[in-house]
Amino acid sequence: MGNENVRQKKSLIDKLTEIRHELHRFPEVSQKEYKTTERLSNWLTEAGYTILPFDIETGLVAEIRGGLPGPTVAYRTDIDALPIQEQTGLSYASTNDGVSHACGHDFHMTIALGAAFVLAEKKEQLKGTVRFIFQPAEETTQGARQLIEAGLFTDEKIEAIFGLHNQPAIAAGKVGLTDHHLMGAVDTIRITINGHGGHGAMPHQTIDSVVAGSAVVMGLQSAVSRNIDPFEPVVITLGSFHSGTTHNVIAQSAELFGTVRSFNPKIRAKLPELIERISKEIAKGYGAEAEVEFIPQVPAIDNDTLMTQFVQEAVEEVLGKDAVVKPNPTLGGEDFSLYQQHVPGCYFWMGTGDAEKGITKHWHDPAFLVNDDVTLDAVTVVVNTLERALDHFSIQTNKGRNT
Ligand code: NI
(Lines give C-alpha, C1' and ligand atoms only; values in the text may rest on other atoms or scores of the structure.)
Protein backbone atom coordinates (compact mmCIF):
# COMPACT_ATOMS: atom_id res chain seq x y z
CA MET A 1 0.00 0.00 0.00
CA GLY A 2 1.36 3.40 -0.93
CA ASN A 3 1.78 6.25 1.56
CA GLU A 4 -1.11 8.10 -0.02
CA ASN A 5 -3.41 5.12 0.60
CA VAL A 6 -2.31 4.79 4.20
CA ARG A 7 -2.96 8.49 4.75
CA GLN A 8 -6.41 8.27 3.16
CA LYS A 9 -7.27 5.24 5.27
CA LYS A 10 -6.13 6.97 8.45
CA SER A 11 -8.11 10.09 7.69
CA LEU A 12 -11.24 8.01 6.94
CA ILE A 13 -10.86 6.12 10.25
CA ASP A 14 -10.43 9.39 12.15
CA LYS A 15 -13.43 10.96 10.46
CA LEU A 16 -15.65 7.93 11.08
CA THR A 17 -14.61 7.61 14.72
CA GLU A 18 -15.46 11.25 15.26
CA ILE A 19 -18.84 10.76 13.55
CA ARG A 20 -19.61 7.65 15.60
CA HIS A 21 -18.85 9.39 18.86
CA GLU A 22 -20.98 12.37 17.90
CA LEU A 23 -23.91 10.13 17.00
CA HIS A 24 -23.40 8.25 20.25
CA ARG A 25 -23.46 11.45 22.29
CA PHE A 26 -26.85 12.52 20.90
CA PRO A 27 -29.11 9.45 20.69
CA GLU A 28 -32.80 9.76 19.87
CA VAL A 29 -35.54 7.15 20.36
CA SER A 30 -37.71 5.68 17.59
CA GLN A 31 -39.68 8.24 15.53
CA LYS A 32 -37.89 11.11 17.27
CA GLU A 33 -34.66 10.90 15.25
CA TYR A 34 -34.88 14.54 14.06
CA LYS A 35 -31.41 15.78 14.96
CA THR A 36 -29.88 12.48 13.87
CA THR A 37 -31.56 12.84 10.47
CA GLU A 38 -30.28 16.40 10.18
CA ARG A 39 -26.70 15.32 10.95
CA LEU A 40 -26.90 12.46 8.45
CA SER A 41 -28.35 14.73 5.81
CA ASN A 42 -25.50 17.22 6.25
CA TRP A 43 -22.75 14.60 6.01
CA LEU A 44 -24.34 12.93 2.99
CA THR A 45 -25.09 16.13 1.12
CA GLU A 46 -21.53 17.29 1.69
CA ALA A 47 -20.31 13.99 0.20
CA GLY A 48 -22.37 14.62 -2.95
CA TYR A 49 -25.45 12.54 -2.21
CA THR A 50 -28.98 13.40 -3.23
CA ILE A 51 -31.56 13.08 -0.46
CA LEU A 52 -34.64 11.56 -2.09
CA PRO A 53 -37.98 13.26 -1.47
CA PHE A 54 -39.77 10.45 0.36
CA ASP A 55 -42.55 11.55 2.65
CA ILE A 56 -41.13 10.39 5.98
CA GLU A 57 -40.98 12.22 9.29
CA THR A 58 -37.52 10.99 10.33
CA GLY A 59 -34.79 9.01 8.60
CA LEU A 60 -33.78 9.51 4.98
CA VAL A 61 -32.83 7.82 1.75
CA ALA A 62 -29.67 9.08 0.04
CA GLU A 63 -28.71 8.18 -3.48
CA ILE A 64 -25.61 8.31 -5.61
CA ARG A 65 -25.71 7.76 -9.37
CA GLY A 66 -22.49 6.32 -10.70
CA GLY A 67 -20.63 7.57 -13.77
CA LEU A 68 -21.51 4.37 -15.63
CA PRO A 69 -25.03 3.15 -16.41
CA GLY A 70 -26.29 0.19 -14.40
CA PRO A 71 -28.80 -1.18 -11.91
CA THR A 72 -29.81 0.13 -8.48
CA VAL A 73 -28.94 -1.64 -5.24
CA ALA A 74 -29.64 -0.60 -1.67
CA TYR A 75 -27.98 -0.67 1.70
CA ARG A 76 -29.94 -0.13 4.89
CA THR A 77 -28.96 1.00 8.36
CA ASP A 78 -31.13 1.66 11.38
CA ILE A 79 -30.75 4.99 13.20
CA ASP A 80 -32.78 4.90 16.42
CA ALA A 81 -31.65 4.61 20.04
CA LEU A 82 -33.34 3.10 23.10
CA PRO A 83 -35.00 4.44 26.25
CA ILE A 84 -32.14 3.05 28.36
CA GLN A 85 -29.95 5.03 30.77
CA GLU A 86 -26.38 4.53 29.60
CA GLN A 87 -23.88 3.04 32.09
CA THR A 88 -20.73 2.72 30.00
CA GLY A 89 -18.64 5.47 31.58
CA LEU A 90 -17.47 6.51 28.08
CA SER A 91 -16.09 10.00 27.60
CA TYR A 92 -18.58 10.44 24.75
CA ALA A 93 -21.53 8.82 26.59
CA SER A 94 -25.09 9.90 25.85
CA THR A 95 -26.01 13.44 26.84
CA ASN A 96 -29.73 12.68 26.46
CA ASP A 97 -30.91 11.52 29.84
CA GLY A 98 -32.52 8.09 29.79
CA VAL A 99 -31.70 7.51 26.11
CA SER A 100 -28.73 5.65 24.67
CA HIS A 101 -27.41 3.81 21.63
CA ALA A 102 -27.48 0.52 23.55
CA CYS A 103 -27.98 -1.51 20.36
CA GLY A 104 -25.14 0.06 18.39
CA HIS A 105 -27.21 1.80 15.72
CA ASP A 106 -24.69 4.68 15.97
CA PHE A 107 -22.08 2.16 14.78
CA HIS A 108 -24.40 0.98 11.97
CA MET A 109 -24.98 4.55 10.76
CA THR A 110 -21.24 5.19 10.79
CA ILE A 111 -20.57 2.12 8.65
CA ALA A 112 -23.25 3.19 6.16
CA LEU A 113 -21.76 6.71 6.03
CA GLY A 114 -18.27 5.27 5.57
CA ALA A 115 -19.46 3.14 2.65
CA ALA A 116 -21.26 6.15 1.21
CA PHE A 117 -18.08 8.27 1.42
CA VAL A 118 -15.93 5.56 -0.20
CA LEU A 119 -18.40 5.12 -3.09
CA ALA A 120 -18.62 8.88 -3.58
CA GLU A 121 -14.82 8.95 -4.01
CA LYS A 122 -15.08 6.51 -6.91
CA LYS A 123 -18.36 7.73 -8.29
CA GLU A 124 -17.07 7.94 -11.87
CA GLN A 125 -16.29 4.20 -12.02
CA LEU A 126 -19.49 3.18 -10.24
CA LYS A 127 -21.70 0.98 -12.47
CA GLY A 128 -25.17 2.06 -11.47
CA THR A 129 -26.94 3.60 -8.52
CA VAL A 130 -26.66 2.97 -4.79
CA ARG A 131 -29.34 3.95 -2.31
CA PHE A 132 -28.48 4.26 1.35
CA ILE A 133 -31.52 3.83 3.53
CA PHE A 134 -31.21 5.43 6.96
CA GLN A 135 -34.24 3.84 8.54
CA PRO A 136 -35.97 5.23 11.62
CA ALA A 137 -37.83 3.22 14.27
CA GLU A 138 -36.26 -0.21 13.93
CA GLU A 139 -36.70 -0.87 17.65
CA THR A 140 -40.45 -0.47 17.33
CA THR A 141 -40.57 -2.40 14.00
CA GLN A 142 -42.33 0.55 12.33
CA GLY A 143 -39.60 2.16 10.22
CA ALA A 144 -39.23 -0.31 7.37
CA ARG A 145 -43.01 -0.35 6.90
CA GLN A 146 -43.11 3.45 6.77
CA LEU A 147 -40.42 3.58 4.08
CA ILE A 148 -42.08 0.89 1.99
CA GLU A 149 -45.42 2.71 2.27
CA ALA A 150 -43.65 5.93 1.25
CA GLY A 151 -42.78 4.21 -2.04
CA LEU A 152 -39.25 2.93 -1.51
CA PHE A 153 -39.73 0.08 -3.99
CA THR A 154 -42.15 1.69 -6.41
CA ASP A 155 -40.29 4.70 -7.80
CA GLU A 156 -37.34 2.66 -9.11
CA LYS A 157 -36.46 -1.02 -9.50
CA ILE A 158 -34.12 -2.02 -6.71
CA GLU A 159 -32.32 -5.28 -7.42
CA ALA A 160 -30.92 -6.12 -4.01
CA ILE A 161 -30.71 -4.91 -0.44
CA PHE A 162 -28.10 -5.49 2.25
CA GLY A 163 -27.78 -4.67 5.92
CA LEU A 164 -25.89 -5.65 9.02
CA HIS A 165 -26.03 -5.66 12.79
CA ASN A 166 -23.13 -5.64 15.21
CA GLN A 167 -22.77 -8.90 17.12
CA PRO A 168 -20.74 -8.94 20.36
CA ALA A 169 -21.26 -12.71 20.63
CA ILE A 170 -19.06 -13.09 17.51
CA ALA A 171 -15.38 -12.17 17.74
CA ALA A 172 -14.17 -8.99 16.02
CA GLY A 173 -12.79 -9.95 12.61
CA LYS A 174 -15.47 -12.60 12.03
CA VAL A 175 -18.82 -12.29 10.30
CA GLY A 176 -21.92 -14.35 11.08
CA LEU A 177 -23.57 -15.23 7.79
CA THR A 178 -26.33 -17.61 6.75
CA ASP A 179 -28.31 -18.02 3.56
CA HIS A 180 -31.42 -18.87 5.55
CA HIS A 181 -33.11 -17.67 8.75
CA LEU A 182 -31.07 -15.37 10.94
CA MET A 183 -33.71 -13.63 13.06
CA GLY A 184 -37.29 -14.47 13.93
CA ALA A 185 -40.76 -13.41 12.88
CA VAL A 186 -42.42 -11.22 15.50
CA ASP A 187 -46.14 -11.09 16.19
CA THR A 188 -48.13 -9.71 19.10
CA ILE A 189 -51.09 -11.28 20.88
CA ARG A 190 -53.63 -9.70 23.15
CA ILE A 191 -56.01 -12.01 25.01
CA THR A 192 -58.90 -10.75 27.12
CA ILE A 193 -60.47 -13.20 29.54
CA ASN A 194 -63.99 -12.27 30.55
CA GLY A 195 -65.32 -13.92 33.71
CA HIS A 196 -67.63 -12.79 36.44
CA GLY A 197 -66.34 -10.94 39.50
CA GLY A 198 -67.38 -11.47 43.11
CA HIS A 199 -66.38 -12.10 46.70
CA GLY A 200 -62.98 -13.69 47.25
CA ALA A 201 -64.45 -16.07 49.82
CA MET A 202 -67.25 -17.30 47.53
CA PRO A 203 -65.56 -18.38 44.29
CA HIS A 204 -68.43 -20.73 43.45
CA GLN A 205 -70.59 -17.67 42.79
CA THR A 206 -68.08 -16.22 40.33
CA ILE A 207 -66.11 -17.03 37.17
CA ASP A 208 -62.54 -16.35 38.16
CA SER A 209 -60.75 -14.66 35.26
CA VAL A 210 -57.36 -14.88 37.01
CA VAL A 211 -57.56 -18.65 37.30
CA ALA A 212 -58.90 -19.01 33.74
CA GLY A 213 -56.19 -16.63 32.46
CA SER A 214 -53.47 -18.56 34.29
CA ALA A 215 -54.68 -21.76 32.68
CA VAL A 216 -54.53 -20.05 29.27
CA VAL A 217 -50.90 -19.00 29.93
CA MET A 218 -49.93 -22.56 30.83
CA GLY A 219 -52.01 -24.05 28.02
CA LEU A 220 -50.30 -21.90 25.40
CA GLN A 221 -46.90 -23.21 26.51
CA SER A 222 -47.94 -26.81 25.90
CA ALA A 223 -49.81 -25.75 22.75
CA VAL A 224 -46.43 -25.19 21.13
CA SER A 225 -44.84 -28.40 22.37
CA ARG A 226 -47.83 -30.60 21.36
CA ASN A 227 -48.77 -28.99 18.04
CA ILE A 228 -45.60 -27.75 16.37
CA ASP A 229 -42.84 -29.86 14.85
CA PRO A 230 -40.03 -29.77 17.45
CA PHE A 231 -37.58 -28.84 14.68
CA GLU A 232 -39.54 -25.64 14.01
CA PRO A 233 -38.84 -23.07 16.73
CA VAL A 234 -41.81 -21.18 18.17
CA VAL A 235 -41.94 -19.14 21.35
CA ILE A 236 -45.06 -17.72 22.97
CA THR A 237 -44.24 -15.34 25.80
CA LEU A 238 -47.02 -13.68 27.75
CA GLY A 239 -44.95 -10.84 29.14
CA SER A 240 -47.85 -8.99 30.70
CA PHE A 241 -50.84 -10.24 32.75
CA HIS A 242 -53.10 -7.62 34.31
CA SER A 243 -56.12 -8.33 36.39
CA GLY A 244 -57.93 -7.45 39.57
CA THR A 245 -57.95 -4.52 41.94
CA THR A 246 -57.48 -5.98 45.39
CA HIS A 247 -56.76 -9.17 47.33
CA ASN A 248 -60.26 -10.25 48.29
CA VAL A 249 -62.24 -9.57 45.13
CA ILE A 250 -62.39 -12.04 42.29
CA ALA A 251 -61.62 -10.13 39.11
CA GLN A 252 -64.15 -9.70 36.35
CA SER A 253 -61.57 -9.83 33.57
CA ALA A 254 -57.89 -10.35 32.78
CA GLU A 255 -55.68 -8.91 30.03
CA LEU A 256 -52.81 -10.96 28.68
CA PHE A 257 -50.30 -9.35 26.36
CA GLY A 258 -47.62 -11.33 24.65
CA THR A 259 -45.14 -11.84 21.85
CA VAL A 260 -45.00 -14.76 19.44
CA ARG A 261 -41.77 -15.70 17.65
CA SER A 262 -41.15 -18.17 14.83
CA PHE A 263 -39.06 -18.77 11.68
CA ASN A 264 -40.99 -20.79 9.14
CA PRO A 265 -43.74 -18.77 7.39
CA LYS A 266 -45.91 -21.90 7.06
CA ILE A 267 -45.74 -22.46 10.81
CA ARG A 268 -46.31 -18.76 11.44
CA ALA A 269 -49.48 -18.90 9.36
CA LYS A 270 -50.90 -21.63 11.63
CA LEU A 271 -50.31 -19.77 14.87
CA PRO A 272 -53.30 -17.38 14.96
CA GLU A 273 -55.79 -20.24 14.70
CA LEU A 274 -53.91 -22.40 17.20
CA ILE A 275 -53.58 -19.63 19.79
CA GLU A 276 -57.19 -18.58 19.39
CA ARG A 277 -58.60 -22.11 19.63
CA ILE A 278 -56.57 -23.10 22.68
CA SER A 279 -57.22 -19.83 24.53
CA LYS A 280 -60.97 -19.98 23.87
CA GLU A 281 -61.39 -23.65 24.72
CA ILE A 282 -59.39 -23.42 27.93
CA ALA A 283 -61.27 -20.31 29.05
CA LYS A 284 -64.53 -22.06 28.23
CA GLY A 285 -63.52 -24.95 30.50
CA TYR A 286 -63.58 -22.44 33.36
CA GLY A 287 -66.85 -20.88 32.27
CA ALA A 288 -65.04 -17.77 30.99
CA GLU A 289 -64.71 -16.34 27.50
CA ALA A 290 -61.48 -15.45 25.72
CA GLU A 291 -61.15 -12.83 23.02
CA VAL A 292 -57.94 -13.22 21.05
CA GLU A 293 -56.30 -10.60 18.88
CA PHE A 294 -53.29 -11.64 16.78
CA ILE A 295 -51.34 -8.63 15.51
CA PRO A 296 -48.80 -9.51 12.78
CA GLN A 297 -45.60 -7.45 12.89
CA VAL A 298 -42.61 -8.65 10.88
CA PRO A 299 -41.61 -11.90 9.17
CA ALA A 300 -38.34 -13.70 9.83
CA ILE A 301 -35.06 -12.64 8.21
CA ASP A 302 -34.63 -15.14 5.38
CA ASN A 303 -31.55 -14.44 3.31
CA ASP A 304 -31.36 -14.92 -0.44
CA THR A 305 -28.71 -17.45 -1.51
CA LEU A 306 -27.11 -15.30 -4.22
CA MET A 307 -27.07 -12.12 -2.11
CA THR A 308 -25.49 -14.12 0.72
CA GLN A 309 -22.86 -15.34 -1.72
CA PHE A 310 -21.93 -11.72 -2.56
CA VAL A 311 -21.49 -10.95 1.14
CA GLN A 312 -19.49 -14.13 1.63
CA GLU A 313 -17.12 -13.32 -1.24
CA ALA A 314 -16.71 -9.77 0.05
CA VAL A 315 -15.96 -10.94 3.60
CA GLU A 316 -13.46 -13.53 2.37
CA GLU A 317 -11.70 -10.95 0.25
CA VAL A 318 -11.57 -8.31 2.97
CA LEU A 319 -11.14 -10.38 6.12
CA GLY A 320 -9.81 -13.70 4.91
CA LYS A 321 -11.07 -17.15 3.99
CA ASP A 322 -11.94 -18.22 7.53
CA ALA A 323 -13.69 -15.00 8.56
CA VAL A 324 -17.20 -16.26 7.82
CA VAL A 325 -18.72 -18.15 10.75
CA LYS A 326 -22.03 -19.92 11.05
CA PRO A 327 -24.18 -17.81 13.38
CA ASN A 328 -26.60 -19.13 16.00
CA PRO A 329 -29.88 -17.64 14.78
CA THR A 330 -32.09 -15.82 17.28
CA LEU A 331 -35.83 -15.30 17.59
CA GLY A 332 -35.15 -11.65 18.21
CA GLY A 333 -36.86 -9.63 15.47
CA GLU A 334 -35.56 -7.22 12.83
CA ASP A 335 -37.74 -5.33 10.37
CA PHE A 336 -35.13 -5.62 7.60
CA SER A 337 -37.19 -8.74 6.81
CA LEU A 338 -39.95 -6.53 5.40
CA TYR A 339 -37.62 -5.31 2.62
CA GLN A 340 -36.85 -8.95 1.82
CA GLN A 341 -40.53 -9.40 0.98
CA HIS A 342 -39.92 -7.02 -1.97
CA VAL A 343 -36.33 -7.58 -3.12
CA PRO A 344 -33.72 -10.29 -2.53
CA GLY A 345 -31.50 -9.33 0.35
CA CYS A 346 -28.95 -10.41 2.88
CA TYR A 347 -28.69 -9.36 6.50
CA PHE A 348 -25.63 -10.41 8.43
CA TRP A 349 -23.83 -9.98 11.74
CA MET A 350 -20.54 -8.13 11.99
CA GLY A 351 -18.57 -9.59 14.91
CA THR A 352 -17.52 -6.94 17.45
CA GLY A 353 -16.76 -9.11 20.49
CA ASP A 354 -13.44 -8.53 22.23
CA ALA A 355 -13.13 -9.73 25.84
CA GLU A 356 -9.81 -7.94 26.37
CA LYS A 357 -11.43 -4.62 25.55
CA GLY A 358 -14.50 -5.50 27.62
CA ILE A 359 -16.75 -5.71 24.55
CA THR A 360 -18.90 -8.61 25.76
CA LYS A 361 -22.26 -7.10 26.77
CA HIS A 362 -25.22 -7.97 24.62
CA TRP A 363 -27.68 -5.64 22.84
CA HIS A 364 -29.81 -3.38 25.07
CA ASP A 365 -27.51 -3.75 28.09
CA PRO A 366 -26.96 -0.33 29.77
CA ALA A 367 -23.19 -0.99 29.53
CA PHE A 368 -23.32 -2.15 25.89
CA LEU A 369 -20.31 -1.23 23.72
CA VAL A 370 -19.44 -1.44 20.03
CA ASN A 371 -16.00 -1.75 18.54
CA ASP A 372 -14.55 1.17 16.56
CA ASP A 373 -11.67 -1.04 15.41
CA VAL A 374 -14.13 -2.99 13.25
CA THR A 375 -15.62 0.03 11.47
CA LEU A 376 -13.24 0.22 8.53
CA ASP A 377 -13.44 -3.53 7.83
CA ALA A 378 -17.22 -3.31 7.92
CA VAL A 379 -17.16 -0.34 5.53
CA THR A 380 -14.90 -2.27 3.14
CA VAL A 381 -17.12 -5.36 3.28
CA VAL A 382 -20.21 -3.26 2.55
CA VAL A 383 -18.58 -1.44 -0.39
CA ASN A 384 -17.22 -4.70 -1.80
CA THR A 385 -20.66 -6.37 -1.48
CA LEU A 386 -22.48 -3.49 -3.18
CA GLU A 387 -19.97 -3.46 -6.04
CA ARG A 388 -20.38 -7.22 -6.53
CA ALA A 389 -24.15 -6.83 -6.65
CA LEU A 390 -23.90 -3.94 -9.13
CA ASP A 391 -21.54 -5.98 -11.32
CA HIS A 392 -23.84 -8.98 -11.26
CA PHE A 393 -26.99 -7.05 -12.13
CA SER A 394 -25.20 -4.97 -14.80
CA ILE A 395 -24.38 -8.19 -16.61
CA GLN A 396 -27.98 -9.37 -16.18
CA THR A 397 -29.29 -6.05 -17.54
CA ASN A 398 -26.95 -6.12 -20.53
CA LYS A 399 -27.90 -9.72 -21.31
CA GLY A 400 -31.56 -8.63 -21.23
CA ARG A 401 -30.77 -5.83 -23.71
CA ASN A 402 -29.08 -8.17 -26.18
CA THR A 403 -31.86 -10.72 -26.41
NI1 NI B 1 -30.39 -3.22 16.96
Side-chain angles (χ1 to χ4, degrees), residues 19-20 23-24 26-33 36-37 40 58-59 75-88 90 94 96 98-115 132-147 161-170 172 175-178 181-186 259 261 297-303 327-340 345-353 359-372 374-375 378 381-382:
I19 283 177
R20 217 277 290 171
L23 289 167
H24 191 87
F26 304 105
E28 293 171 299
V29 294
S30 313
Q31 309 292 187
K32 304 273 182 224
E33 311 94 334
T36 306
T37 303
L40 293 167
T58 52
Y75 180 79
R76 174 274 208 170
T77 174
D78 38 22
I79 69 169
D80 50 338
L82 286 155
I84 294 175
Q85 181 67 42
E86 181 165 346
Q87 291 172 15
T88 59
L90 291 169
S94 168
N96 293 350
V99 180
S100 64
H101 269 300
C103 201
H105 298 186
D106 52 338
F107 176 69
H108 304 165
M109 285 184 265
T110 307
I111 293 165
L113 286 168
F132 284 91
I133 301 163
F134 290 83
Q135 183 207 300
E138 186 281 323
E139 296 291 353
T140 54
T141 64
Q142 297 305 309
R145 184 170 283 118
Q146 286 165 8
L147 276 158
I161 186 161
F162 300 91
L164 65 77
H165 205 289
N166 71 86
Q167 179 51 279
I170 294 178
V175 170
L177 182 64
T178 172
H181 292 132
L182 183 68
M183 299 183 76
V186 180
T259 186
R261 307 298 173 104
Q297 307 232 298
V298 297
I301 293 277
D302 192 1
N303 286 332
N328 293 322
T330 162
L331 286 173
E334 167 53 73
D335 69 359
F336 183 87
S337 61
L338 287 173
Y339 302 123
Q340 293 181 309
C346 179
Y347 192 75
F348 59 99
W349 285 337
M350 195 76 207
T352 51
I359 303 170
T360 53
K361 298 277 192 310
H362 210 65
W363 307 326
H364 301 202
D365 189 302
F368 173 83
L369 296 171
V370 292
N371 194 333
D372 286 326
V374 173
T375 307
V381 166
V382 169

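These numbers come from a predicted model, not from an experiment. In listed order, ligands and their atoms are each counted from 1.
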Steps toward salt bridge (Lys or Arg N to Asp or Glu O under 4.0 Å) verdict (D335, R145):
CA-CA 8 Å; D335 69 359; R145 184 170 283 118; over 6 Å; no
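Looking only at atom types and distance, the side chain of T88 has a donor-acceptor partner in the side chain of E86 under 3.5 Å away. For the 3.5 Å distance criterion, the side chains of Q31 and Q146 qualify, holding a donor opposite an acceptor.
In summary, the aromatic rings of Y75 and F162 are positioned with their centroids too far apart to meet the 6.0 Å limit.
Ring geometry for H105 against H165 counts as perpendicular: the plane angle is over 60°, on a 0 to 90° scale with 30° as the lower cut.
Annotation for P168 and W363: closest pair CD-NE1, 3.5 Å, computed over non-hydrogen atoms.
With waters left out, the protein N, O or S atoms under 2.8 Å from the Ni ion (ligand 1) add up to 3.
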